[in-house]
Amino acid sequence: MPELPEVEVVRAGLAEHVAGRTIAAVEVLHPRAVRRHEPGPADFAARLGGMRIDSVRRRGKYLWLEFATGVDDTDDAAHAAHAAHAALLAHLGMSGQMLVQPASAPDEKHLRVRLRFADDGTELRFVDQRTFGGFALSELLEVEGEALPRTIAHIARDPMDPAFSATHAARALRSKRTELKRALLDQTLVSGVGNIYADEALWRSKLHWARPTEKLTAAQADAVLAAATEVMAEALIAGGTSFDPLYVNVNGQSGYFDRALNAYGRVGEPCRRCGAPIRRDEFMNRSSFSCPRCQPTPRRRR
DNA sequence: GTGGCAGAACGAG
DNA sequence: CTCGTTATGCCAC
């Protein structure tokens, strides 16, 4: 469920189901799922044992678990003190799911990592068909007064962040010399926006994906960011966007924002604003959906 | 059958 | 900065 609203649905589900629980054992069923953890799967599993989950955080499309600083008395003190400064960073990639399941439930076909808890209740499973996602332990750093895993220190604040500055983000967009949609997808300018919500934000603000960022007016940059913020907030209320069982929350339930999409995936269908058939363009080896009338192709693309 | 396409991000050139 | 790669499955042709 990979864009901000879907990841936030997962974060909230994790906060509800795993916060406060102590990890008892970690099983890595596919090493690729922890490839970003340099010391390897065995180290990954060993370091998580005994850790008590304090909170579940998110920036953009990344999630992480922070751990209580208390040392579990069953653990080696030095190891626990070291591990307390690390977070369990997760990215869902294209097809990752976090599922909270009874231990008795049969393993999913693409089960990659299992976290068992000391309370013997439900377990947390990372299921990922394409294994573009995965976990890593990442040291927490202080960045602008907030603890952030080192690995994602380059990721910009997302529009749901209380400290997000639309002015700052608009300036960042306009300072690039690229196409508008590329800039929207650049997680170092504004995070959380992916292919669906970029197309929806562009449709709402009536801007074409190939508009050169350096020629945007401040009002246009503000408008597209406001549209992105708005559409993601609406999607979050709907539980995220899902067309198929791949995108589900920790209970396996789908969101229903797909019904509210105006551009994404609607090639050939009438624009809900003007009736013109939605077009599909190839863009960065993926698709871009837009209204040919509401979002005219700019004279000068980049 | 098979080619095209899928919500992402990293790293090579 | 842009492109290709990573990996698996599904759907339309």
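Naming convention: chains lettered A, B, ... in sequence-line order (proteins, then strands); numbering from 1 in each chain.
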### Pairing residues for A/S175 by the side-chain contact (heavy atoms from CB on, under 4.5 Å) criterion, not counting sequence neighbours
none
### Task
Give the C-alpha distance, both sets of side-chain angles, the deciding distance and a yes or no for side chain to side chain donor-acceptor pair (under 3.5 Å) between A/R280 and A/S287.
CA-CA 6 Å; A/R280 173 186 176 278; A/S287 299; 2.8 Å; yes
### Message
Between P on B/dA8 and CG on A/D128, what's the gap in Å once rounded to a whole number?
### Response
13 Å
### Task
Would you mind reading off the distance between A/E3 atom CD and B/dA9 atom C1', rounded to a whole angstrom?
13 Å
### Message
Whole angstroms only, please: what is the CD1-C1' distance between A/I152 and B/dA9?
### Response
13 Å
### Summary
A/H154 NE2 to B/dA9 P, in whole Å, measures 9 Å
### Task
Determine the contact category for A/R182: base if any of its heavy atoms lies under 4.0 Å from a base atom, sugar-phosphate if only primed atoms, P, OP1 or OP2 are that close, otherwise nothing.
sugar-phosphate
#### Entry: Interatomic distance, A/D244 CG vs B/dA6 P [rounded to whole Å]
13 Å
### Message
For A/R279, give me all partners under side chain to side chain donor-acceptor pair (under 3.5 Å), at least two apart in sequence or on another chain.
### Response
A/S290, A/T297
### Query
Is any side-chain N or O of A/R286 closer than 4.0 Å to OP1 or OP2 of B/dA8?
yes
### Query
Base, sugar-phosphate, or nothing: which does A/F257 touch, judged by heavy atoms less than 4.0 Å apart?
nothing
#### Entry: Minimum heavy-atom distance A/L4-A/M160, with the two atoms named
CD2-CG, 3.6 Å
### Any pair counted as salt bridge (Lys or Arg N to Asp or Glu O under 4.0 Å), so long as it reaches residues 187-211 of chain A, sequence neighbours left out
A/K181-A/D199, A/R204-A/E230, A/R204-A/E234
### Query
Distance between the P atoms of C/dG9 and B/dA9, in whole angstroms?
22 Å
### For A/Q101, the option from A/R114, A/E123, A/E108 that meets side chain to side chain donor-acceptor pair (under 3.5 Å)
A/E108
### Message
By the 4.0 Å heavy-atom rule, please label A/E179 as base, sugar-phosphate, or nothing.
### Response
nothing
### Query
With A/R57, which of A/E66, A/E146, A/E8 fulfils salt bridge (charged side-chain N to carboxylate O under 4.0 Å, His left out)?
A/E66
### Message
In this structure, how many angstroms lie between the C1' atom of B/dA8 and the CZ atom of A/R32, rounded?
### Response
12 Å
### Message
Whole angstroms only, please: what is the CD1-P distance between A/I196 and B/dC5?
### Response
17 Å
### Query
How about A/H168: does its NE2 atom have over 12 heavy atoms from other parts shown lying under 6.0 Å from it?
no
### Query
Just the endpoints, please: which first and last nucleotides of DNA chain C, 5' to 3', lie under 4.0 Å from a heavy atom of chain A?
C/dC1 to C/dG9
### Message
Applying a 4.0 Å non-hydrogen cut-off, can you work out what A/Y197 is touching in the nucleic acid: base, sugar-phosphate, or nothing?
### Response
nothing
### Query
Would A/F132 pass as stacked on B/dA8, i.e. its ring centre under 5.5 Å from the base's six-membered ring centre and planes under 30° apart?
yes
### Query
Which pairs count as salt bridge (Lys or Arg N to Asp or Glu O under 4.0 Å) when at least one residue sits in residues 241-269 of chain A, sequence neighbours excluded?
A/R266-A/E269
### Summary
Within residues 223-234 of chain A, the residues having a heavy atom closer than 4.0 Å to DNA chain B are none
### Message
Applying a 4.0 Å non-hydrogen cut-off, can you work out what A/R280 is touching in the nucleic acid: base, sugar-phosphate, or nothing?
### Response
sugar-phosphate
### Query
Where does the angle between the aromatic ring planes of A/F257 and A/Y197 fall among parallel (under 30°), tilted (30 to 60°) and perpendicular (over 60°)?
tilted
### Task
To the nearest Å, give me how far apart CG (A/D158) and C1' (B/dA9) are.
17 Å
